[in-house]
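The structure appears below as structure tokens.
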Protein chains: 2
Amino acid sequence: MSLTPFADQDATGRRVLSAALRLFVEKGYFNTSVADIVRASGVSTGAIYHRFGDKQHLAETLLDSLMRGIENQFATLLTGDSDPLTRIRALIRLMLQQAEADPQMVTFILYARHREFLPEHPPICALRPFELMRDLVTEAQRASLLPDLDPLVLSAQVFGPTLRLIQARIDGVLPRPLPDYEADLLRALDYLMQEGDRNHAAAAMA
Amino acid sequence: MSLTPFADQDATGRRVLSAALRLFVEKGYFNTSVADIVRASGVSTGAIYHRFGDKQHLAETLLDSLMRGIENQFATLLTGDSDPLTRIRALIRLMLQQAEADPQMVTFILYARHREFLPEHPPICALRPFELMRDLVTEAQRASLLPDLDPLVLSAQVFGPTLRLIQARIDGVLPRPLPDYEADLLRALDYLMQEGDRNHAAAAMA
DNA sequence: GTCTATACGTGGATAGAC
DNA sequence: GTCTATCCACGTATAGAC
């Protein structure tokens with residue numbers, strides 16, 4: 001579990017990566033020059049190139065480091081042996097808190113066009129954290145806690161609204177902090193779950 | 001109602017904009033040079049600069065022209081006097097069809113980081129089409145057809161899953177064409193609506 | 001209105017000293 | 001391992017002919 005960002009980097013690496021993160025989010029990857037990163041981080045051009053090879057590799061390291069952090073957070077949260085619905089609720093809560101607490105990270109992860117500067121990188125939703133989300137939904141579904149829909153639709157149904165709200169917040173069209181909407185999001189989720197219950201009951205009767 | 005893309009442009013404009021759209025989606029705005037657009041469109045550098053001023057303004061024209069097309073489509077669909085839920089269903093259907101039929105357009109609209117190259121442009125979800133989506137939800141809510149949640153949460157709940165599936169399709173993680181998922185998406189929506197019914201009944205009883 | 005050739009600035013990357 | 005000065009390629013935008 002790592003609350004410190006870039007826990008897998010040393011002091012210099014952290015300074016560079018956090019400066020790069022800020023600049024990439026504020027101005028975009030292509031509008032940020034290495035010189036900008038040098039200024040913002042206080043680390044010299046030479047040191048940056050020595051460490052990261054080139055600008056693209058720097059961005060890749062940044063993304064990987066952030067993803068590792070998220071993966072750890074998710075893992076800690078999901079190792080508990082609570083039932084899948086409780087874990088889904090906890091995950092939604094975590095996503096809202098995280099997006100409000102560290103919008104830069106979340107923006108860069110969810111919202112930057114990585115393919116444009118990292119053509120080889122797989123899309124975010126093909127990576128572990130998103131995979132975990134889908135697994136969680138499938139598990140709940142197998143326990144008849146959620147309705148019998150296509151798993152991909154169901155994942156979209158369970159986590160889509162939260163992700164949309166996060167995007168809305170990032171775009172500046174949500175007036176209040178994200179956790180304020182948690183209760184309503186979870187209520188909507190409950191309706192889906194109740195539907196799971198009804199299916200369950202119907203199946204038992206047949 | 002305009003099915004022809006760039007209906008508001010003449011022949012030259014259309015050639016340039018459709019080439020630019022394809023390149024921007026494939027390689028990204030910053031990885032596309034004006035020379036690339038010249039090659040792909042067969043229109044000369046001079047003509048392009050004469051018409052569009054500069055590369056940024058070209059991108060802006062492209063985005064605006066596409067948004068106008070969508071706005072028209074939405075408008076035709078929403079002028080009918082059918083009840084709001086029918087219109088919501090029709091809108092979801094349209095979005096799925098459109099995203100499957102013209103993924104380039106949808107990718108550029110929903111998924112490109114416009115702020116990086118059009119810093120002055122308002123975020124997509126602040127524009128008319130998204131506004132119409134929110135209005136539609138509020139209307140259904142006032143008629144007690146949807147549960148009494150925060151309107152922004154409810155919009156996310158109604159359209160979020162569809163938008164997530166579209167993104168998944170664009171990222172290549174959906175195996176089947178989008179309209180194949182329509183039925184399941186609408187079923188999930190029905191659960192929300194039923195909840196609206198129950199609230200409605202409860203309110204009537206009190 | 002359209003074309004080609006070109007100027008100019010920017011920025012990624014490196015060389016070579018320390 | 002770190003720094004600074006510098007090189008060179010690329011791409012936007014324009015000048016000026018047709």
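First the proteins, then the strands, lettered A, B, ... as listed; each starts at 1.
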Side chain of [X] only, heavy atoms from C-beta on: which candidate in [options] is closest?
X     : options               : value
B:Y49 : D:dT12, D:dT2, C:dG12 : D:dT12
A:T45 : C:dT14, C:dC3, C:dG12 : C:dT14
B:S44 : D:dA13, C:dT2, D:dT2  : C:dT2
A:K55 : D:dT2, D:dA13, C:dG12 : C:dG12
A:A47 : C:dA13, D:dT2, C:dG12 : D:dT2

Atom [atom1] of [X] and atom [atom2] of [N]: how far apart are they, to the nearest Å?
X     : N      : atom1 : atom2 : result
A:F30 : D:dG11 : CZ    : C1'   : 13 Å
B:L23 : D:dT12 : CG    : P     : 12 Å
A:D54 : D:dA9  : CG    : C1'   : 16 Å
A:N31 : C:dG9  : CG    : P     : 20 Å
A:Y29 : C:dG11 : OH    : C1'   : 12 Å
A:F52 : D:dT2  : CZ    : P     : 11 Å
A:I48 : C:dA15 : CD1   : C1'   : 18 Å
A:L58 : C:dG12 : CG    : C1'   : 13 Å

(message) Below 30° counts as parallel, above 60° as perpendicular, anything between as tilted: where do the rings of A:F108 and A:H114 land?
(response) perpendicular
(message) For the backbone of A:Q104 and the side chain of A:E26, can you confirm whether one donor and one acceptor N or O come within less than 3.5 Å of each other?
(response) no
(message) For the aromatic rings, using the six-membered ring if either is Trp, is the centroid distance between A:Y191 and B:Y191 under 6.0 Å?
(response) no
(request) May I have the step-by-step check of side-chain contact (heavy atoms from CB on, under 4.5 Å) for A:Y29 and A:L23, ending in yes or no? (result) CA-CA 8 Å; A:Y29 176 84; A:L23 290 166; over 6 Å; no
(message) Under 4.0 Å, heavy atoms only, any strand: does A:T12 hit a base, just the sugar-phosphate, or nothing?
(response) nothing
(message) Under 4.0 Å from OP1 or OP2 of D:dT2: is there any side-chain N or O of A:H50 that close?
(response) no
(message) I'd like to know whether B:Q167 forms a side-chain contact (heavy atoms from CB on, under 4.5 Å) with B:D171, so could you lay out the CA-CA distance, the side-chain angles of the two residues, the decisive distance to 0.1 Å, and finally the verdict.
(response) CA-CA 6 Å; B:Q167 180 153 348; B:D171 284 341; 3.9 Å; yes
